[in-house]
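FYI, side chains are in, hydrogens and waters are out, and symmetry mates aren't considered; it's all heavy atoms of this structure. Note on naming: letters A, B, ... go to the chains in the order of the sequence lines (proteins, then strands), and numbering restarts at 1 for each one.
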2 protein chains.
Amino acid sequence: MELQQLRYFVAAADLRNFTRAAERCGVAQPSLSQQIAKLEQSLGKTLLDRSGRRVALTDAGEEFYERAVKILSLVDEAERVGSGAVERPRLRVGAIPTIAPYLLPPVLKEFSAKNAAAEVSVVEDLTAEIVSGCIAGDLDVGIVALPIDDAPLHVEQLFREELLVALPARHPLAKKNRVTAAELAREPFVLLSEAHCLGEQIVSYCRQRECPPRVHCRSGQLLTVQELVGLGYGLSFVPEMARATDRSKLRVYRSLAGAKPMRTVAMIWHRFRVQQPTVAAFRETLKKSRTTSVANEK
Amino acid sequence: MELQQLRYFVAAADLRNFTRAAERCGVAQPSLSQQIAKLEQSLGKTLLDRSGRRVALTDAGEEFYERAVKILSLVDEAERVGSGAVERPRLRVGAIPTIAPYLLPPVLKEFSAKNAAAEVSVVEDLTAEIVSGCIAGDLDVGIVALPIDDAPLHVEQLFREELLVALPARHPLAKKNRVTAAELAREPFVLLSEAHCLGEQIVSYCRQRECPPRVHCRSGQLLTVQELVGLGYGLSFVPEMARATDRSKLRVYRSLAGAKPMRTVAMIWHRFRVQQPTVAAFRETLKKSRTTSVANEK
DNA sequence: TACTATCGATAGGCGTTTCCTATGGAACTG
DNA sequence: CAGTTCCATAGGAAACGCCTATCGATAGTA
C-alpha cells in the first residue's frame with residue numbers, strides 16, 4: 001500500500017468518477033486506474049464497483065475509505081511538522097456568501113478571544129466549492145444551507161431561519177403586516193443569481209407555489225439585491241440574518257402568510273478526517289453562539 | 001512524503017542505527033539513508049542527529065516520530081481490511097517464558113470469555129524479542145520483568161513478587177522458616193540460563209551481596225530447574241508465581257531473610273501505536289485480574 | 001434498433017525513481 | 001594509533017509510475 005494509491009482511491013470515491021478524480025490528482029486517468037487496481041490487488045478485495053456508469057464503493061470499499069481518509073489527514077498534519085505549524089494551530093472555515101458576513105464575524109471574534117494562537121482563514125464561496133473543499137481537506141469546516149447530501153460529510157443543523165419579503169418602504173404592501181403569496185404574483189422581483197443556493201431555492205419555492213416571479217433583474221450579491229429593492233426595482237426574498245444588519249429606512253421586511261419559505265443553516269465537515277482540537281473548539285463556539293443569538297432574535 | 005520513508009525513519013529511530021534499520025526493512029543501508037534524507041528535505045527539518053556514533057532524534061524528530069508511528073499503525077490496520085481481519089479483532093500478546101505459563105492462562109480465559117470473536121495469538125520469547133516485537137508492531141502488548149528502558153514503550157507495572165529459595169524437601173535448610181544469605185554461600189545452585197532476564201537478575205543479585213553462587217548446573221526452563229532442585233542437584237531462586245503451580249512434595253520454598261530478592265512484572269506497549277479496542281480490553285483484564293489474584297496470594 | 005457520448009480498462013514507450021554495490025570519511029574503542 | 005563501526009556519496013541497473021493512443025462497455029437518445 002502506498003500513499004498515492006490512497007490519494008487516488010479517496011479522490012475516486014469522493015467524485016465517483018475516475019476521469020475527474022485523475023484530474024483532481026493531476027495525473028492522467030489510466031495512471032489513476034492502474035494504481036487503484038494495484039491497491040485492490042494488494043488488498044485482495046475490490047473497493048470500487050465500476051460496473052454501472054457511476055463508480056460506487058463496495059462494502060470493503062466503505063471500510064477502507066474511512067481508514068484511508070484518516071491516514072491521509074494524519075499525513076497532512078505530519079507534513080506540517082516541518083513548517084512549525086503544529087505549535088500554531090490552524091482553522092480553515094468555509095461559508096457561502098449569503099451566510100458568511102452575517103454569521104461569521106461575531107463567532108470568529110469569540111473564537112479568537114479564546115484561541116489567540118490559532119491561525120484562522122476564511123473562504124467565501126458557493127456551496128459546491130465549500131462542499132468539495134471540506135471533502136478534499138482544504139477546509140476544516142463549512143457553513144452552508146441545506147440540502148447537502150454528500151455521503152462523506154457530517155451535517156449538523158445549526159438553525160432554521162425565515163426568508164422575509166423585502167419591500168421598498170413606500171410600496172403599498174409595506175403597509176400590511178403580512179403579505180400573501182397571491183399578492184406577490186404580479187410584482188417585479190430582484191433576485192439573487194441562481195449560482196447561489198439561496199437564489200435557486202427562492203426560484204424553486206415560487207415555482208412550487210405556481211407563482212413564478214417576474215424577474216426584473218438579478219444580482220450576485222445579497223447586499224446589492226437589498227440596495228436595488230430600496231431603489232424600487234422590485235421585491236425580493238432575504239434571509240432573516242441579512243435583515244438584522246439592514247439599518248436603512250428605504251426597505252421593510254414582511255413575513256409571508258401561510259407556509260413561510262425557510263432555509264436551514266448547517267455546519268459540515270468530513271466524517272472521517274482527523275481534526276485538530278482547535279477545530280472542535282470552533283464548532284462548539286459556533287453551535288453555542290447560534291443557539292443563544294437565535295434565542296435573542298425571537 | 002511517502003510511506004516507505006516513514007517506515008525507514010521509524011526503523012532508524014527505533015534501532016538508533018541506520019545499518020540495522022536497513023536490514024530490518026530489507027534494503028541496503030544507502031537506500032535507507034537516501035530516503036530519510038529525502039524525507040528530511042521535504043519537511044525542511046532534520047529529524048535524526050547522526051553526529052555522534054549513535055543516531056538520536058532531534059526535537060522535530062520526536063514530534064514527527066509520534067505521528068509516523070500512528071500513521072503506520074493505521075496503515076497496518078487498513079491493510080487488514082482485505083483479509084477480513086477487521087471484523088475479527090486480533091490480539092497478539094508476548095510474554096517471557098518465566099511469566100507466560102503462570103500468568104497468562106487464567107487471564108486469557110477470562111479475556112476470551114468476554115471477547116469470543118477475537119483471534120488471540122501468544123508469543124513466548126526472551127525480553128529482547130518481546131520488546132522489539134512491541135516496538136516493531138508485531139505484538140500489541142508484552143508482559144515482561146523490569147527494568148525496561150526503551151523510549152517508545154509505555155511501561156505499566158502490574159505487581160512485584162518475591163523470588164523464593166527453592167530447596168529439596170530433605171535439605172537441612174528446609175527445616176527453617178527463613179533462610180539467610182550467608183547460609184546459601186556454600187550451597188550448590190541450579191540456575192536459569194542467563195539468556196533469561198530472571199537468570200541474569202539472580203546472578204547479579206548474588207554478586208551484589210557478595211555471595212557468588214556455586215553454580216552446579218544451568219537450565220533454560222524454570223520447570224526443569226524446579227525438577228532438578230527436587231532431585232537434589234542444588235538450590236535455586238524461583239518466583240512466587242512458579243511456586244503456586246508446584247504441587248510436588250520434593251521441593252519446598254523459603255523466604256530469604258533481610259532484603260528479599262524481588263522482580264517487578266509489567267506490561268508494555270508502544271506509546272504511539274493506535275490499537276484496536278480489543279487490546280485495551282485485554283490490558284484491562286490483565287490489570288484487574290492481577291490485582292485480585294495478588295491480593296489472594298497475600 | 002441503432003447511434004452517440006461517456007467512462008474505465010488496456011497496451012506500449014518513456015522518464016524518473018529507487019535500489020544496489022563499491023567506496024570514502026568521521027567517530028568511537030582497545 | 002590502528003582497527004572497527006557507521007553513515008554519506010557515486011554511479012550503474014532495475015523497477016516503477018506516468019503518458020498517449022485506443023478499445024470495449026454502458027446508458028441515454030433518435
Side-chain angles (χ1 to χ4, degrees), chain A residues 1-58 60-62 64-65 68 71-72 75 79 132 151, chain B residues 1-58 60-62 64-65 68 72 75 79 128 132 151:
Chain A
M1 183 190 304
E2 289 307 320
L3 284 184
Q4 220 137 0
Q5 296 171 350
L6 298 189
R7 294 193 192 100
Y8 292 176
F9 163 70
V10 168
D14 283 341
L15 300 174
R16 305 194 175 284
N17 179 310
F18 276 42
T19 310
R20 258 166 281 162
E23 203 173 314
R24 193 175 95 182
C25 295
V27 293
Q29 169 262 315
S31 305
L32 186 129
S33 286
Q34 205 174 5
Q35 289 306 311
I36 289 181
K38 205 166 174 180
L39 174 64
E40 290 178 322
Q41 199 177 344
S42 83
L43 291 172
K45 285 217 172 166
T46 305
L47 299 175
L48 294 168
D49 175 23
R50 299 95 147 161
S51 66
R53 183 109 175 205
R54 252 194 167 175
V55 174
L57 283 164
T58 63
E62 293 276 7
F64 192 77
Y65 175 81
I71 289 168
L72 290 177
V75 168
E79 275 173 343
S132 68
Chain B
M1 184 191 303
E2 289 307 321
L3 283 185
Q4 217 136 1
Q5 296 170 350
L6 297 189
R7 293 192 191 101
Y8 292 176
F9 164 70
V10 168
D14 283 342
L15 300 175
R16 306 195 175 283
N17 179 312
F18 276 42
T19 310
R20 258 167 281 163
E23 203 173 315
R24 194 176 94 184
C25 294
V27 293
Q29 168 262 315
S31 306
L32 185 129
S33 285
Q34 205 174 4
Q35 289 306 311
I36 290 180
K38 205 168 176 179
L39 173 64
E40 290 178 323
Q41 200 178 343
S42 84
L43 291 172
K45 285 217 174 169
T46 305
L47 300 175
L48 294 168
D49 174 23
R50 297 95 146 162
S51 66
R53 181 113 176 204
R54 253 193 167 173
V55 174
L57 283 164
T58 63
E62 292 276 5
F64 192 77
Y65 174 80
L72 290 177
V75 167
E79 274 173 342
S132 68

Does the side chain of [X] get closer than 4.0 angstrom to OP1 or OP2 of [N] through an N or O atom?
X: A/Tyr8; N: C/dG8; answer: no
X: B/Asn17; N: D/dC7; answer: yes
X: A/Gln35; N: D/dC18; answer: yes

Protein-nucleotides 9-12 of chain C N/O pairs closer than 3.5 Å?
{"unit_1": "C/dA9", "atom_1": "OP1", "unit_2": "A/Arg50", "atom_2": "NE", "d": "2.7"}
{"unit_1": "C/dA9", "atom_1": "OP1", "unit_2": "A/Arg50", "atom_2": "NH2", "d": "3.4"}
{"unit_1": "C/dA9", "atom_1": "OP2", "unit_2": "A/Ser33", "atom_2": "OG", "d": "2.7"}
{"unit_1": "C/dA9", "atom_1": "N7", "unit_2": "A/Gln29", "atom_2": "NE2", "d": "3.0"}
{"unit_1": "C/dA9", "atom_1": "N6", "unit_2": "A/Gln29", "atom_2": "OE1", "d": "3.3"}

Next on the checklist: Of the options D/dC18, C/dC19, D/dC6, whose atoms approach the side-chain atoms of A/Gln4 most closely?
Outcome noted: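 Taking heavy atoms from C-beta onward, the closest nucleotide is D/dC18.
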
Next on the checklist: Nearest to the B/Ala28 side chain among D/dC6, D/dC16, C/dC20, which nucleotide is it?
Outcome noted: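 Nearest nucleotide to the side chain: C/dC20.
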
Atom pairs, protein N/O to nucleotides 28-30 of chain C N/O, distance under 3.5 Å:
{"unit_1": "C/dC28", "atom_1": "O2", "unit_2": "B/Arg53", "atom_2": "NH1", "d": "3.1"}

Checklist entry - Roughly how far apart are A/Leu6 CG and A/Ile36 CD1, rounded to 0.5 Å? => result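 One gets 10.5 Å once the value is rounded to the nearest 0.5 Å.
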
Next on the checklist: For A/Tyr8, give me all partners under ring pair (Phe, Tyr, Trp, His ring centres under 6.0 Å), at least two apart in sequence or on another chain.
Outcome noted: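 Applying ring pair (Phe, Tyr, Trp, His ring centres under 6.0 Å) to A/Tyr8 gives none.
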
Checklist entry - Salt bridge or not for A/Glu2 and B/Arg7, using N-O below 4.0 Å? => result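 Yes, this pair counts.
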
Next on the checklist: Taking the nucleotide of DNA chain D with the nearest heavy atom to each, does A/Val27 or B/Val55 sit closer to the 5' end?
Outcome noted: B/Val55

Checklist entry - In whole angstroms, how far is the P atom of D/dC6 from the CD atom of B/Glu23? => result 11 Å

Checklist entry - Contact class for B/Ser31 (heavy atom, under 4.0 Å): base, sugar-phosphate, or nothing? => result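 Base contact.
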
